Protein chains: 2
Amino acid sequence: MSTRTAPGPRERLLRAAQDLTYRHGMGVGVDAVLKEANVARRSLYEHFGGKDGLLAEVLRRSTDEDEARYRQTMNAAGQDPRDRLLAVFDELARVIDAPDFRGCRYLAADLALPDPAHPGHAVTRDYRDRVRRLLEHELVALGHPRPGHAAAQLLLLVDGLLAAGATRQGTDPAAATRELAEHVIDTRAPGVSR
Amino acid sequence: MSTRTAPGPRERLLRAAQDLTYRHGMGVGVDAVLKEANVARRSLYEHFGGKDGLLAEVLRRSTDEDEARYRQTMNAAGQDPRDRLLAVFDELARVIDAPDFRGCRYLAADLALPDPAHPGHAVTRDYRDRVRRLLEHELVALGHPRPGHAAAQLLLLVDGLLAAGATRQGTDPAAATRELAEHVIDTRAPGVSR
DNA sequence: CGACGAGTAGATCAACCGGTCGATATGGCG
DNA sequence: CGCCATATCGACCGGTTGATCTACTCGTCG
């Protein structure tokens with residue numbers, strides 16, 4: 001019963017789909033996923049009801065992994081909320097510098113799925129809210145005067161950084177982002193724009 | 001010879017593709033474009049060599065339009081570089097509030113085209129650079145100590161705002177962005193994070 | 001007039017799309 | 001052992017993809 005038993009078809013499907021959707025986008029064919037996972041066509045429909053169900057589950061699992069990564073990045077940075085927040089941006093700098101970085105999964109999913117009723121959208125919306133709360137929690141601990149507002153700003157910086165990283169502009173976007181993040185975090189008086 | 005002559009097949013193809021790719025993504029079928037444009041199949045291949053060529057040309061034409069829009073937004077704001085820069089963000093606030101806003105075309109294209117050799121990528125890269133130079137020019141006129149750096153930061157805010165607008169987070173992202181943009185523009189001493 | 005180029009209409013192609021279905025292998029239990 | 005439920009398999013479905021090709025129409029200009 002160990003977790004080291006050979007993963008079943010469901011698990012293999014999820015892993016293959018997670019990999020292929022990230023590398024080739026949401027448009028990957030079911031055939032490609034099945035081939036990569038070495039799973040029969042029918043099993044996909046038994047487990048997930050169809051391609052949409054598989055994609056939604058892939059997104060859901062990814063959000064859990066990524067949220068956990070945010071948490072452990074922050075925990076590794078110590079107890080000071082300021083350090084914990086900035087550690088997130090340092091980690092993102094590493095992420096976008098990875099040679100196989102292909103942009104934010106969730107933004108790509110939202111932009112690639114034209115149907116607003118697709119179950120994937122609910123997953124990405126929930127994910128963004130979880131991350132926002134994570135940031136807001138640290139800002140509250142820091143005694144920030146407008147934690148909700150600042151959290152929204154930090155999330156905006158995260159989105160911008162991931163977008164910039166995906167589109168590979170020459171100037172190092174991570175440093176510029178970190179600078180703005182520090183400003184957001186260190187703003188102690190509300191409404192002061194300069 | 002007036003521009004009011006009925007547009008030819010090439011023009012109709014571009015308009016239809018521009019509209020359909022924005023609404024349904026880069027994955028739209030050639031058939032759908034042909035039907036919308038009321039153009040024979042062969043004409044597409046005569047004029048653009050294939051779907052990729054059509055998409056690249058659609059992107060190129062869009063960048064020209066959008067760059068012109070940036071310019072006229074800034075010109076309408078007067079001569080003060082600060083006003084001209086902030087006008088861009090006010091305009092973006094309007095853009096993302098439009099009911100049919102579906103995210104940034106170019107970011108969507110970059111994320112949706114897995115092949116890094118696709119001609120569309122060169123177009124989006126060039127566009128981003130043109131906008132960056134546009135912003136940098138105003139920052140220079142403003143006497144900003146690090147115009148290149150600040151332009152990269154503003155571009156990052158633009159990307160973040162467009163991403164946030166596309167994913168519809170509850171809190172109004174435009175106001176938060178404008179606040180950060182003001183900070184970037186008004187930073188007069190280099191290296192000062194607060 | 002007649003030749004020409006651009007455009008249209010549509011058949012055809014191999015590849016692929018997402019989805020359905022009967023057959024089969026496997027494993028627990030009487 | 002025999003039996004059955006379940007999980008998995010892979011052939012098959014109709015439709016669509018992007019692309020190529022032939023045949024026809026039409027307006028223009030020499």
Side-chain angles (χ1 to χ4, degrees), chain A residues 1-59 108-109 112-115 117-121, chain B residues 1-59 108-109 112-115 117-121:
Chain A
M1 271 313 148
S2 132
T3 58
R4 269 283 153 263
T5 348
R10 186 190 150 92
E11 181 64 23
R12 273 177 288 150
L13 274 174
L14 284 172
R15 293 190 191 179
Q18 202 164 350
D19 179 43
L20 290 180
T21 53
Y22 184 63
R23 292 192 299 160
H24 304 325
M26 296 290 129
V28 263
V30 167
D31 291 6
V33 175
L34 294 174
K35 186 180 174 186
E36 176 82 7
N38 231 293
V39 162
R41 197 169 200 79
R42 175 144 190 175
S43 301
L44 188 156
Y45 292 90
E46 284 293 332
H47 285 294
F48 303 102
K51 187 190 181 183
D52 287 355
L54 174 63
L55 292 185
E57 183 59 24
V58 162
L59 287 174
L113 302 175
D115 177 13
H118 192 288
H121 290 300
Chain B
M1 269 310 147
S2 131
T3 59
R4 269 284 151 260
T5 349
R10 187 189 148 92
E11 181 64 22
R12 275 178 285 151
L13 274 173
L14 284 172
R15 292 191 191 178
Q18 204 165 349
D19 178 44
L20 289 180
T21 53
Y22 184 65
R23 292 192 300 160
H24 303 325
M26 298 289 129
V28 264
V30 167
D31 290 6
V33 176
L34 294 175
K35 186 179 174 188
E36 177 81 9
N38 233 293
V39 162
R41 196 171 202 76
R42 174 145 195 174
S43 303
L44 188 156
Y45 292 90
E46 285 292 332
H47 284 296
F48 304 102
K51 186 189 180 183
D52 287 355
L54 174 63
L55 292 185
E57 184 58 25
V58 162
L59 287 174
L113 302 175
D115 177 13
H118 193 287
H121 290 300

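Nothing here was measured: the structure is a model prediction, and the numbers come from that model. Naming convention: chains lettered A, B, ... in sequence-line order (proteins, then strands); numbering from 1 in each chain.
Atom CG of residue B/D115 and atom NE2 of residue A/H24 lie 10.5 Å apart, to the nearest 0.5 angstrom.
With sequence neighbours left out, the side-chain hydrogen bond (donor to acceptor under 3.5 Å, both in side chains) criterion links B/H121 to B/D110. Judged as a side chain to side chain contact (heavy atoms under 4.5 Å, CB included), and not counting sequence neighbours, the contacts of B/E46 are B/R42. With sequence neighbours excluded, the residues forming a side-chain hydrogen bond (donor to acceptor under 3.5 Å, both in side chains) with A/E11 are A/R15, A/R61, listed by chain and number. With sequence neighbours left out, the salt bridge (charged side-chain N to carboxylate O under 4.0 Å, His left out) criterion links A/D31 to A/R41. Checked against side-chain hydrogen bond (donor to acceptor under 3.5 Å, both in side chains), A/S43 has no partners two or more places apart in sequence or in another chain. Listed by chain and residue number, B/S62, B/E65 satisfy the side-chain hydrogen bond (donor to acceptor under 3.5 Å, both in side chains) test with B/Q18 (two or more places apart in sequence, or in another chain).
Rounded to whole Å, atom P of C/dC16 lies 13 Å from atom NE2 of A/H24. Between A/L44 atom CG and C/dG18 atom P the separation is 10 Å, expressed in whole Å. One can place CG of A/L55 at 14 Å from C1' of C/dC17, the figure rounded to the nearest angstrom.
Looking at heavy atoms from C-beta onward, A/L44 lies out of side-chain contact with A/V39 at the 4.5 angstrom threshold.
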Expected rows: protein N/O vs nucleotides 22-28 of chain C N/O, under 3.5 Å:
from	atom 1	to	atom 2	distance (Å)
C/dG22	N7	A/R42	NH1	3.1
C/dG22	O6	A/R42	NE	3.3
C/dG22	O6	A/R42	NH1	2.3

Protein N or O to nucleotides 3-7 of chain C N or O, pairs below 3.5 Å:
from	atom 1	to	atom 2	distance (Å)
C/dG7	OP2	B/H47	NE2	3.1

Which pairs of donor and acceptor atoms, one on a side chain in residues 48-59 of chain B, lie under 3.5 Å apart (sequence neighbours left out)?
from	atom 1	to	atom 2	distance (Å)
B/K51	NZ	B/M26	O	3.3
B/K51	NZ	B/V28	O	3.0
B/D52	OD1	B/H118	NE2	3.2
B/E57	OE2	B/R60	NH2	3.4

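Protein chain B touches strand DNA chain D; the 5'-most and 3'-most nucleotides with an atom under 4.0 angstrom of its non-hydrogen atoms are D/dT17 to D/dT22.
Non-hydrogen atoms lying under 4.0 Å from DNA chain D are contributed by B/D31, all within residues 31-39 of chain B.
Of all the heavy atoms in B/P114 and B/A112, the pair that sits closest is CD-O, 3.1 Å. Between A/A16 and A/E36, the shortest heavy-atom distance links the atoms CB-CG, 3.6 Å.
Here salt bridge (Lys or Arg N to Asp or Glu O under 4.0 Å) pairs that include residues 18-29 of chain B, with residues two or more places apart or in two chains, are B/D19-B/R23.
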